[in-house]
Number of protein chains: 2
Amino acid sequence: MNMMQYDYIPPVDIKTEPYTPETAHGPYIQIIEEPKQRGFRFRYECEGPSHGGLPGASSEKNRRTYPTVKVSNYVGQARVEVQLVSHTEPPRAHAHSLVGRHCTESGTCLLDIGPTDLTASSVACTQHHLHTRHEAGMSLPAVMSLPAVIFSNLGILHVTKKGVVEVLSRRLRDERKRQKGAHHPLTGRLPLR
Amino acid sequence: MNMMQYDYIPPVDIKTEPYTPETAHGPYIQIIEEPKQRGFRFRYECEGPSHGGLPGASSEKNRRTYPTVKVSNYVGQARVEVQLVSHTEPPRAHAHSLVGRHCTESGTCLLDIGPTDLTASSVACTQHHLHTRHEAGMSLPAVMSLPAVIFSNLGILHVTKKGVVEVLSRRLRDERKRQKGAHHPLTGRLPLR
DNA sequence: GACGTGGGAATTCCCAGACC
DNA sequence: GGTCTGGGAATTCCCACGTC
C-alpha cells in the first residue's frame with residue numbers, strides 16, 4: 001500500500017484553485033466519516049467491476065458505515081466531487097482511480113445534490129486523501145446545510161506499475177484542460193486526512 | 001500443492017515395464033535420502049531458470065543435504081533417470097517438470113554413472129514421487145555397488161493450469177514413442193515414497 | 001558484473017455465497 | 001440465473017545478496 005513508489009511522478013500541482021477552509025464564511029465541507037484505513041483490498045482492472053466499496057472508519061461486521069461528507073452553511077443545488085490524491089503536501093494527482101456508483105471515466109466520483117435529496121452514495125480512499133470540491137451558486141447564513149452524502153459504493157481501482165505513467169499523464173492532461181474551461185467561483189479543496 | 005487438480009487427466013499408465021523390487025537378485029535402487037516434503041517453492045517457467053534445488057529430507061540451514069540414491073548390487077556403467085509422477089497407485093505421468101543440472105528438455109533428470117564416478121548431482125520432488133530407472137548391462141554378486149548419486153540441483157518447474165493439457169499430452173506421446181524404441185532389459189521403476 | 005538462490009510483493013484468476 | 005461481494009490461491013515480477 002506504500003504509495004512512495006510513485007514519488008518519481010512529475011511534480012505537477014493540480015491544486016491551483018483558492019482553498020476554502022472549514023472556517024470560511026461561505027459553504028464548506030464536513031467530513032462526517034473517514035474511510036477505513038486498513039483491511040480494504042484494492043482491485044485491479046483485470047478483476048472486473050464491483051468488488052465492494054470502502055467501508056467507513058467506524059464500520060463493523062454487522063453495522064456497516066461508509067465514508068460520509070456534508071456540505072454545510074449552504075442550501076441549494078450543489079456538486080460534490082471526490083478524487084484520489086497523494087498524501088504529500090500539497091496533494092498531487094494519484095494514479096489509482098475511484099470506481100463505483102457515481103464515478104466517472106476519469107476516476108473521480110461526481111455527485112450533484114439538491115436541498116430535497118436525502119442521501120447519495122459512492123466514493124472514498126485509504127492511505128491517500130480525498131479531494132472534495134463543492135460548487136454552489138449562493139450561500140446562506142450558518143446552520144443551514146444539505147443532507148449528508150454517503151458514499152456507499154466507492155472502490156479503488158489499483159493501477160499497475162506498467163500503467164502508472166499512462167494513467168497519470170492522462171489525468172494531468174485532463175486537469176489542465178479542465179482548468180482552462182469554465183470557472184467555478186466557489187470551488188475549494190479539502191483533503192480527507 | 002494439491003495435485004488432485006490433475007485427476008481428470010486421461011488414465012494412461014506409463015508404467016508398463018517389469019517392476020524390479022529392491023529384494024531382487026539383480027541391481028536395485030536404494031533411496032539414501034528423500035527430498036524434503038515441505039518448504040520448497042515451485043517455480044514457473046516465467047521465472048526463468050535456476051532458483052535453487054530441492055533440499056534433502058534431513059537438510060538444515062548450515063548442513064545442507066540433497067536427495068540421494070544408490071545403485072546397489074551392481075558395478076559398471078549405469079544410467080539413473082528420475083521423473084516426476086503422481087502420488088496415485090499406480091503412479092502416472094506428472095505435468096510438472098524436473099529442471100536443473102542433468103535435466104532434459106522432457107522434464108526428467110538423466111544421469112550416466114560409472115564405477116569410477118564419485119557423485120553426481122541434480123534432481124528430486126515434493127509430494128509427488130520420483131520414478132527412477134536404472135539400466136545396466138551386467139550384474140555382480142551382492143554387496144558391490146556404485147557410489148551414491150546426489151541430486152544437488154534439482155528444481156521443479158510448475159506447469160500452469162493452462163499448460164497442463166499441452167505438457168501432459170507431449171509427455172505421454174514421448175513415453176509411447178520411447179516404449180516402441182530400444183529395449184532396456186534391466187529397467188525398473190521405484191517410487192520415492 | 002553475470003548468474004545462482006531465496007523470498008517478498010504485485011497482479012491475475014477464480015470460486016463461494018448473498019442478493020436480485 | 002446473473003450480478004455483487006469477499007477472499008483464497010495461482011502466477012508473475014522483481015529485488016537483495018552471495019558466488020564465480
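Sequence lines set the chain letters: A, B, ... in the order given, protein chains first and strands last, and positions in each chain run from 1.
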Whole angstrom value for the distance that separates [atom2] of [N] from [atom1] of [X]:
X	N	atom1	atom2	answer
Lys36(A)	dG6(D)	NZ	C1'	14 Å
Lys162(B)	dC13(C)	NZ	P	7 Å
Lys61(B)	dG7(C)	NZ	C1'	11 Å
Leu157(B)	dA10(D)	CG	C1'	14 Å
Arg101(A)	dT3(D)	CZ	C1'	14 Å
Glu45(A)	dT12(C)	CD	P	9 Å

Do [X] and [Y] come close enough that some side-chain heavy atom pair is under 4.5 Å?
X	Y	value
Leu146(B)	Tyr74(B)	yes
Pro55(A)	Phe40(A)	yes
Thr68(B)	Phe151(B)	no

Where the side chain of [X] is defined as all heavy atoms beyond and including C-beta, which of [options] is the nearest nucleotide?
X	options	answer
Ser50(B)	dA9(C), dT12(C), dT5(C)	dT5(C)
Glu47(B)	dT5(D), dT12(C), dG7(C)	dG7(C)
Lys161(A)	dA10(C), dA9(D), dT12(D)	dA10(C)

Going by the side-chain hydrogen bond (donor to acceptor under 3.5 Å, both in side chains) test, name the single residue among Glu175(B), Lys177(B), Arg176(B) that passes it with Gln179(B).
Glu175(B)
Below 4.0 angstrom from OP1 or OP2 of [N], is there any side-chain N or O of [X]?
X	N	result
Asn153(A)	dC4(D)	no
Tyr44(A)	dT12(C)	no
His158(A)	dA10(C)	no
Arg43(B)	dG4(C)	no

Using five base pairs at each end, measure the axis-to-axis angle across the helix from dG1(C)-dC20(D) to dC20(C)-dG1(D) and round it to 10 degrees.
20°
Base dG6(D) paired with Arg41(A) side chain (donor-acceptor, <3.5 Å):
no
5'-most contact on DNA chain C: His51(B) or His51(A), nearest heavy atom basis?
His51(B)
Using 0.5 Å steps for rounding, measure from the CG atom of Leu110(B) to the CD atom of Glu105(B).
13.5 Å
Under 4.5 Å between side-chain heavy atoms, counting indirect links through other Ile/Leu/Val/Met/Phe/Trp/Tyr residues: same cluster for Ile31(B) and Val80(B) or not?
yes
Electrostatic pair Glu81(A)-Arg178(A), nearest N-O below 4.0 angstrom:
yes
